[in-house]
Amino acid sequence: MWEERVAAIREHFRRFLEDFYRITVSPPAVEIPPRLELGDLAFTFPFELAKVLRRPPHQIAREVTEKIGPVPFIERVEAAPPGFINLYLDRGGWFLDLCLWLRQSPPKPGGPKVIVEHTNINPNKAAHIGHLRNAVLGDTFVRHLRALGRRVEVQNYIDNTGVQVADVVVGFHHLRGMTLEQVAAIPEPFDYYCWDLYAEVSEWYEEDPGRHQLRLQALEAIEHGRDPLFSLAAHVSDRIVLAHLKTMERIDIRYDVLPRESEILHLRFWEEAFRLLRERGAVTLAEEGPNKGCWVMTLPPAEGQPEETKIIVRSNGTVTYVGKDIAYQLWKLGLLGKTFHYRPFYTYADRHVAWVTSTKPFDGEEPDFGNGHEVYNVIDVRQSYLQRVVAQGVRSLGYEAEADRSIHFSYEMVALSPRCCQALGIELSEEDQRRSYVEVSGRRGLGVKADDLLNILFERSLQEVEKRQRDLTSEQRKSIARCIAVGALRYFMLKYTRNSVIAFDFDEALSFEGETGPYLQYTIVRSNNIFRKLAERDAGWSGKQLEEMIGHPPEDDRLRRWLADDKIWALLREVSRLSEVTGQSVATLELSTTARHAFNVAQQLNLFYHNYHILSEEEPERRVFYLLVVDTAQRGLRKLLDLLGIDVPERM
RNA sequence: GCGCCUGUAGCUCAGAAGGAUAGAGCAAGGGGUUCCUAACCCCUGUGCCGCAGGUUCGAGUCCUGCCAGGCGCACCA
């Protein structure tokens with residue numbers, strides 16, 4: 001509700017300025033004053049107008065406030081030195097509109113399809129905290145888009161034929177000498193087993209670099225379907241993908257489709273893309289120089305820089321990673337002219353199905369994936385260069401608009417703080433000790449596994465729940481603890497801006513106090529108890545009283561008087577910014593904006609809870625008003641938590 | 001060498017598209033529960049906003065230079 005209203009106010013001022021001063025201006029920028037005494041909105045245009053009109057800003061501000069007359073949604077307008085114009089909202093009308101707005105049902109999905117690709121973990125080891133950041137950002141972004149009524153498809157790309165899987169296959173076959181049957185008999189958690197094996201293989205290679213030959217052989221066997229390595233690779237990657245899906249399901253993250261490298265290969269996506277690239281001159285065969293014999297793409301030169309070229313096809317005829325990625329990106333945009341078949345891979349607890357790509361038609365109805373109007377790739381910042389190359393590939397085929405709609409949702413990595421390394425018993429080199437953080441490395445087995453972190457969070461929250469909820473069953477307490485663990489984790493991953501490196505620290509990640517997920521959950525649980533107690537104590541309470549007050553507010557000026565209380569108004573105004581803030585989050589891909597806003601609302605609601613004792617309020621109408629304030633704030637906060645993927649338990 | 005990012009309180013981080021007195025959380029110290037859950041609330045202190053110039057009525061925010069740190073720039077994925 002915020003943006004339309006503010007737009008109307010700005011437009012009102014724009015018209016006034018044009019009529020009154022006979023000038024042409026765009027709607028003036030509006031901001032929120034630093035303190036509530038200074039109003040709810042503020043203009044600074046008098047400072048700019050001062051130059052044009054050659055008059056002091058404060059004089060202009062005073063003149064405008066005197067002459068503007070009634071402004072929609074605004075109760076009064078004041079000029080403040082040295083030239084601000086402060087607007088005070090009509091609190092009563094704003095509040096009632098907010099109550100109604102929060103009762104609207106969410107928009108139905110429609111319009112052009114948006115594809116969001118996230119998670120993309122190599123299927124050769126357990127997921128770690130870095131992957132959690134990716135998945136949480138991606139999933140939260142998806143929730144934001146859906147809340148805006150966008151039609152969203154969630155993809156999780158699986159590189160099941162790459163070196164990382166090959167390395168684990170080498171580990172099983174050559175290092176361990178295990179057969180497929182023996183590997184299949186390894187008990188869960190299989191992804192943990194592979195985590196260790198992967199690190200072991202990496203070390204084994206280093207002892208004798210000649211062993212890298214085995215990796216190449218494995219890659220070749222996997223690509224050409226030669227057993228036993230091919231079946232081993234399929235077993236490893238399928239089983240680990242399943243483990244990843246289950247890990248992510250623990251934090252309420254689901255996927256629609258898993259496009260796999262193996263099908264991209266077998267359906268010859270690259271060959272088709274290569275044909276297009278050659279036909280349209282996007283890649284050229286280098287006849288001379290160091291790249292002789294390679295097909296290269298030229299990147300537009302940065303100003304004053306020499307032209308850059310990127311090798312797409314090696315001189316031995318094999319395609320590079322970027323090349324394959326361009327083919328895949330073209331498919332996502334519906335520009336390849338080829339597509340996959342699909343079969344169900346995993347059914348979630350809520351019956352939602354994650355499909356996986358296939359080369360053969362499915363015996364039943366196949367969904368239609370890909371062909372997105374807009375594509376977001378959630379990948380960490382280290383891939384920025386390659387993502388630029390991919391977009392350039394699309395662009396050089398002549399798809400300018402599609403390249404612009406190929407968006408890299410980049411974010412910084414999760415690293416390990418020195419304290420965290422100590423806690424994990426990791427010995428650091430002298431070089432690493434000097435750093436403020438150490439990069440997570442699957443190859444070195446350096447990292448915190450996602451499931452381990454979730455398990456610790458669960459245990460910690462269970463301890464807290466057990467302290468407080470003695471009368472609940474063990475199952476109920478566990479369910480609450482799970483909910484809290486998810487809230488803590490997701491908020492932790494979202495509270496930082498995306499280009500801030502998270503130096504992972506157990507103390508911070510496991511905190512349930514202050515700016516944390518559990519604080520947000522607790523705020524709702526506690527305020528919700530007011531309504532529960534009310535229902536227990538007051539037989540006449542049905543909740544209808546709230547609707548009654550919205551539909552028929554007191555006819556005298558009581559509502560006005562109640563809302564004159566800045567402590568209450570501050571809370572309600574903050575809640576009313578919901579759509580503006582989340583819109584900002586989507587526009588800037590900065591989801592921490594939503595997270596922090598939710599925290600602000602929670603802080604204000606806690607303050608209100610603390611300062612006003614609602615159930616013992618004796619004046620009945622005022623009590624209903626207080627209840628409506630709590631209800632409104634709670635609805636707003638719940639919407640925000642939905643966007644963050646944080647559920648709220650009944651008690652905690 | 002080139003490109004991108006970061007530098008704000010003891011620590012971890014926010015700082016609306018330049019605006020009014022630079023904020024949160026944690027940590028430290030003190031206080032609050034016969035009451036709707038103390039996973040809460042209140043009080044207390046700390047800032048050459050990396051440094052130096054510039055643009056502007058106004059700069060933590062924009063520009064230039066420098067310093068420090070991180071990441072990227074393969075016929076690896």
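Each chain gets a letter, A, B and so on, in the order the sequences are listed, and its residues count up from 1.
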Seminar exercise, completed: Whole-Å distance, A/I311 CD1 to B/rC73 P, equals 14 Å
Problem set entry | Listed nucleotide nearest any side-chain atom of A/R382, set B/rA39, B/rG72, B/rG19 | B/rG72
Problem set entry | Residues, nucleotides or ligands: over 12 heavy atoms within 6.0 Å of A/E650 CD | no
Problem set entry | CZ (A/R651) with more than 12 external heavy atoms under 6.0 Å | yes
Exercise. Is there a side-chain contact between A/D325 and A/Q387 (heavy atoms, below 4.5 Å)?
Worked result: yes
Exercise. Looking at the side chain of A/K310, which of B/rC36, B/rA74, B/rC13 is the nearest nucleotide?
Worked result: B/rA74
Problem set entry | Any A/D507 side-chain heavy atom under 4.5 Å of A/R419 side chain | yes
Quick test: give all pairs of protein nitrogen or oxygen and nucleotides 4-11 of chain B nitrogen or oxygen below 3.5 Å, distance rounded to 0.1 Å.
none

Problem set entry | Results of ring pair (Phe, Tyr, Trp, His ring centres under 6.0 Å) for A/H613 - residues two or more places apart only | none
Exercise. Which of these nucleotides, B/rC71, B/rA39, B/rC36, is closest to any side-chain atom of A/V465?
Worked result: B/rA39
For this session: Using the criterion of both pairing distances under 3.5 Å for Watson-Crick and G-U wobble pairs, give all stems of 3 or more consecutive pairs involving RNA chain B.
Result: B:1-7 with B:67-73, B:10-13 with B:23-26, B:28-32 with B:40-44, B:50-54 with B:62-66
Exercise. Are A/F84 and the base of B/rA20 stacked, counting only ring centres nearer than 5.5 Å and planes tilted under 30°?
Worked result: yes
Problem set entry | Nearest-angstrom distance, C1' atom, B/rA24 to B/rU64 | 33 Å
For this session: Ignoring the backbone of A/A29, work out which of B/rA20, B/rA17, B/rC36 is nearest its side chain.
Result: B/rA17
Exercise. Are any of A/Q463's side-chain N or O atoms less than 4.0 Å away from OP1 or OP2 of B/rA39?
Worked result: no
For this session: Measure from the side-chain heavy atoms of A/E515 and tell me the nearest of B/rA20, B/rG25, B/rA77.
Result: B/rG25
Exercise. Mapping A/K533 and A/E37 onto RNA chain B by nearest heavy atom, which one lands closer to the 5' end?
Worked result: A/E37
Exercise. Partners of A/F506 by ring pair (Phe, Tyr, Trp, His ring centres under 6.0 Å), sequence neighbours excluded?
Worked result: A/F504
For this session: Compare the minimum distances between each of B/rA77, B/rA20, B/rU12 and the side chain of A/K324, then state the nucleotide with the smallest one.
Result: B/rA77
Exercise. Salt-bridged, A/R623 to A/E619, with N to O below 4.0 Å?
Worked result: no
For this session: State whether A/Y519 places a side-chain N or O below 4.0 Å from either non-bridging phosphate oxygen (OP1 or OP2) of B/rC41.
Result: yes
For this session: Can you tell me the distance, in whole Å, between the CD atom of A/E618 and the P atom of B/rC35?
Result: 17 Å
Problem set entry | Set of residues satisfying ring pair (Phe, Tyr, Trp, His ring centres under 6.0 Å) with respect to A/Y157, sequence neighbours excluded | A/Y328
For this session: For nucleotides B/rA68 and B/rG32, find the distance between their C1' atoms and express it as a whole number of Å.
Result: 45 Å
Problem set entry | Residue A/L38, side-chain heavy atoms: nucleotide from B/rC41, B/rC36, B/rA20 that is nearest | B/rA20
Exercise. Where along residues 586-600 of chain A does a heavy atom fall under 4.0 Å from RNA chain B?
Worked result: A/R596, A/F599
Exercise. Side-chain donor or acceptor of A/R35 under 3.5 Å from a matching atom on the base of B/rA20?
Worked result: no
Show every donor-acceptor pair shorter than 3.5 Å between a side-chain atom in residues 284-294 of chain A and any protein atom, with sequence neighbours excluded, or say none if there are none.
none

Seminar exercise, completed: The correct set of residues in residues 573-584 of chain A placing a heavy atom under 4.0 Å from RNA chain B is A/R577, A/Q584
Exercise. Taking for each residue the nucleotide of RNA chain B with the nearest heavy atom, is it A/F608 or A/T523 whose nucleotide lies nearer the 5' end?
Worked result: A/F608
Problem set entry | Listed partners of A/F409 passing ring pair (Phe, Tyr, Trp, His ring centres under 6.0 Å), at least two apart | A/F141
Exercise. Which nucleotide in the set B/rC36, B/rC73, B/rG19 lies at the smallest distance from any side-chain heavy atom of A/I614?
Worked result: B/rC36
Problem set entry | Whole-Å gap separating C1' (B/rC26) and CD1 (A/I502) | 16 Å
Exercise. Looking at side-chain heavy atoms only, is the closest gap between A/L472 and A/I480 below 4.5 Å?
Worked result: yes
Exercise. Is there a donor N/O on one and an acceptor N/O on the other, under 3.5 Å, for the side chain of A/T320 and the base of B/rC75?
Worked result: no
Exercise. Which pairs with one or both residues in residues 157-170 of chain A pass salt bridge (Lys or Arg N to Asp or Glu O under 4.0 Å), sequence neighbours excluded?
Worked result: A/D167-A/R215, A/D167-A/R443
Exercise. Taking the same atom, P, in B/rC26 and in B/rC40, what whole-Å distance lies between them?
Worked result: 7 Å
For this session: Measure up the A/Y519 and A/F599 rings against each other and bin them: parallel (under 30°), tilted (30 to 60°), perpendicular (over 60°).
Result: tilted
For this session: State whether A/F274 and A/R278 meet the cation-pi test: NZ (Lys) or CZ (Arg) under 6.0 Å from the six-membered ring centroid, and within 45° of the perpendicular axis.
Result: yes
Problem set entry | Selection residues 594-616 of chain A - residue pairs positive for salt bridge (Lys or Arg N to Asp or Glu O under 4.0 Å), sequence neighbours left out | A/E515-A/R596
Exercise. Do the side chain of A/N606 and the base of B/rA38 come within less than 3.5 angstrom through a donor-acceptor pair of N or O atoms?
Worked result: no
Exercise. Counting side-chain heavy atoms from CB outward, which of B/rC75, B/rC36, B/rG19 is closest to A/S315?
Worked result: B/rC75
Exercise. Quick one: A/L520 CG to B/rC40 C1', roughly how many Å, whole number?
Worked result: 13 Å
Would you mind writing out the side-chain donor-acceptor pairs for residues 41-51 of chain A within the sub-3.5 Å range, not counting sequence neighbours?
none

For this session: Between B/rC41, B/rA38, B/rG70, spot the one nearest the side chain of A/H610, thanks.
Result: B/rC41
